[in-house]
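Read through the structure below, which is laid out as structure tokens, and then see the notes.
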Amino acid sequence: MPATPRVVVGAAIVREGRVLACRRTAPVEAAGRWELPGGKVEPGETPEAALVREVREELGVEVRVSGWLSAEAEIREGLVLRAAYATLVAGEPAPVEHDQVRWLCAEELDDVDWLEPDRPFVDEIRAALAD
Ligand SMILES: Nc1nc2c([nH]c(=O)n2[C@H]2C[C@H](O)[C@@H](COP(=O)(O)OP(=O)(O)OP(=O)(O)O)O2)c(=O)[nH]1
């Protein structure tokens with residue numbers, strides 16, 4: 001029986017019609033590519049708690065999860081990506097691990113080079129921002 005995949009959660013933090021995209025610095029093959037802030041859910045942790053924790057660690061802000069996107073993508077064998085919409089409740093994002101952040105509107109989502117697994121999420125976010 002295959003093992004249950006480990007989940008990586010990403011936050012689609014939306015403010016005034018824009019989503020926050022973050023540029024990775026590591027590993028080398030992912031450096032310069034863009035993602036949603038987040039990371040792996042730890043054993044015993046809920047996805048919501050993981051997302052809030054990772055965003056706090058990576059950007060120094062507090063977010064509230066408002067709902068999960070319907071997409072799910074395989075990052076590699078045994079690792080899947082999920083994402084949730086979130087709103088800022090305290091602080092202004094200041095990257096700790098990323099070297100750049102951008103607030104992108106629907107028309108700007110294709111201006112950055114997203115990690116491959118993020119594509120279905122970006123499509124869903126584009127539609128949501130355009131509403
Ligand atoms: N945070 C995040 N990771 C993503 C996205 N898309 C995507 O393929 N990934 C991949 C990159 C990494 O292989 C993995 C996340 O690992 P990570 O290293 O950022 O997570 P982490 O902070 O929990 O790391 P770790 O030290 O526990 O290994 O998911 C995304 O939008 N956000």
Side-chain angles (χ1 to χ4, degrees):
M1 203 169 66
T4 309
R6 186 90 191 264
V7 178
V8 172
V9 289
I13 305 171
V14 174
R15 181 169 73 183
E16 295 169 2
R18 293 171 181 269
V19 67
L20 190 70
C22 300
R23 193 167 73 172
R24 285 191 76 103
T25 57
V28 277
E29 63 274 15
R33 301 194 66 188
W34 294 73
E35 68 175 9
L36 300 171
K40 298 186 188 83
V41 179
E42 296 298 334
E45 190 179 41
T46 66
E48 287 83 353
L51 193 138
V52 169
R53 173 182 56 73
E54 289 281 357
V55 169
R56 186 185 297 132
E57 288 171 6
E58 294 183 357
L59 297 166
V61 294
E62 296 300 319
V63 292
R64 181 176 302 130
V65 172
S66 53
W68 291 89
L69 281 76
S70 58
E72 185 169 295
E74 185 173 65
I75 295 168
R76 55 180 178 269
E77 202 183 337
L79 199 61
V80 302
L81 179 63
R82 296 194 59 207
Y85 290 112
T87 51
L88 274 177
V89 293
E92 190 58 30
V96 173
E97 294 167 9
H98 299 95
D99 66 354
Q100 213 182 312
V101 296
R102 282 184 65 180
W103 290 99
L104 302 172
C105 66
E107 295 73 27
E108 293 167 333
L109 283 170
D110 287 336
D111 292 357
V112 303
D113 184 19
W114 291 94
L115 291 175
E116 211 58 45
D118 289 54
R119 296 193 185 283
F121 299 93
V122 171
D123 289 341
E124 213 176 318
I125 293 166
R126 181 183 298 103
L129 293 182
D131 274 350

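Both counts, for ligands and for their atoms, begin at 1 and track the order of listing. These numbers come from the heavy atoms of this one structure, side chains and all, not from hydrogens, waters or symmetry mates.
- Glu48 and Arg64 are not joined by a salt bridge, as no carboxylate oxygen comes within less than 4.0 angstrom of a charged side-chain nitrogen.
- Residues Glu97 and Thr25 have side chains that never bring a donor and an acceptor to within less than 3.5 angstrom of each other.
- Cation-pi geometry between Arg82 and Trp68 is met: under 6.0 angstrom from the ring centre, within 45 degrees of the axis.
- Between the SG atom of Cys22 and the CG atom of Leu36 there is a distance of 8.0 Å, given to the nearest 0.5 Å.
- Cation-pi geometry between Arg15 and Trp103 is satisfied (NZ or CZ under 6.0 Å from the ring centre, within 45° of the ring normal).
- More than 12 heavy atoms of other residues, nucleotides or ligands shown are found within 6.0 angstrom of CD on Glu92.
- Contacts of ligand 1 (protein heavy-atom distance under 4.0 Å) are Val8, Arg24, Glu35, Leu36, Gly38, Gly39, Lys40, Glu54, Ile75, Arg76, Leu81, Leu115, Pro117, Asp118.
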